[in-house]
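Notes follow the structure.
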Amino acid sequence: MFRFIRLLRMRDLEIIEVVHNSVKICLLIIEDKRRALNDSEKQLTPYNLMDENELKDEIHNVLYLYILTGEELTKQQNDSIIEFADDLLHEVIPTAKIVKRFIDKNMFSNLPVTLQLKDFQNILRFVHSSFKLNHIEESFYLSQG
């Protein structure tokens, strides 16, 4: 059984703890870039198979899904996490979704039980996100469009 526990919820960022069979298996970080694909992102599959007009017409936003775990996830775990993210996001506008996985036993197992602002920023730095947390406000929510 999967459980998804929101640790941080902001307008452009969510960090979710994923628990499977009572064991924390990963953190799912969803970052809304609020922009079109950049040149390096256009080189990724399937976007590199689309022409420029298709990209302009079909992709209006970029979402990054970072999965941080201590060990390789099973196919079923990966699929369940992506399915959860798809259900959560329910894309209103055409969106590119880029998934990046990070496996690091030390980083994942050394996270404090209760994460503070600096811990969230360290996680974002670890997954190479440029998102900067200045403060946390409870009233911010990840956009859906």
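Computed from heavy atoms alone, side chains included, the values below leave out hydrogens, waters and symmetry copies.
If you take CG on D87 and CD1 on I82, they are separated by 11.5 Å, rounding to the nearest 0.5 Å. The distance from the CG atom of L28 to the CG atom of L65 is 5.5 Å, given to the nearest 0.5 Å. The line from CD1 of I30 to CZ of R9 is 10.5 Å long, rounded to the nearest 0.5 Å. Within the model, atoms CD1 of I59 and NZ of K97 stand 11.0 Å from one another, a figure rounded to the nearest 0.5 Å. Annotation: the span from I25 atom CD1 to L68 atom CG amounts to 12.0 Å, rounded to 0.5 Å. With values rounded to the nearest 0.5 angstrom, L89 atom CG is found 10.0 Å from N61 atom CG.
L37 approaches V62 most closely through the heavy-atom pair N-CG2, 3.6 Å. Shortest non-hydrogen contact noted between N48 and Q43 is ND2-O, 3.3 Å. Closest approach of E14 to I16, counting heavy atoms only: OE1-CD1, 3.9 Å. Scanning both residues, R6 and L88, for their nearest heavy atoms gives NH2-CD1, 3.1 Å.
Inter-residue side-chain proximity for E31 and V127 is flagged as unmet; no heavy-atom pair is nearer than 4.5 Å. Looking only at side-chain heavy atoms (C-beta outward), L8 and L115 stay at 4.5 Å or farther from each other. In this structure the side chain of L7 reaches within 4.5 angstrom of the side chain of F120, judged on heavy atoms. Inter-residue side-chain proximity for R101 and L73 is flagged as unmet; no heavy-atom pair is nearer than 4.5 Å. Contact check for R11 versus D32: no side-chain heavy atoms found under the 4.5 Å cut-off. Looking at heavy atoms from C-beta onward, C26 lies in side-chain contact with I81 at the 4.5 angstrom threshold. At a threshold of 4.5 Å between non-hydrogen side-chain atoms, the residues L111 and L27 count as touching.
Under the 4.5 Å side-chain contact rule for hydrophobic residues, M107 and I103 do not share a cluster.
Under the 6.0 Å cut-off for aromatic ring centres, Y66 and H128 do not qualify, their centroids lying 6.0 Å or more apart.
Salt-bridge check for E41 with K33: failed, with every basic side-chain N at 4.0 Å or more from each acidic carboxylate O.
Partners of T69 under the side chain to side chain donor-acceptor pair (under 3.5 Å) rule, at least two apart in sequence or in another chain, do not exist in this structure.
Applying the ring-ring contact (aromatic ring centres under 6.0 Å, His included) test to pairs two or more places apart or on separate chains, those with a residue in residues 14-63 are F2-H20.
Residue E71 qualifies as open at atom CD: its count of foreign heavy atoms under 6.0 Å is 12 or below.
Note on ring orientation: taking the six-membered ring where Trp is involved, the planes of F84 and F4 are parallel (angle under 30°, cut-offs 30° and 60°).
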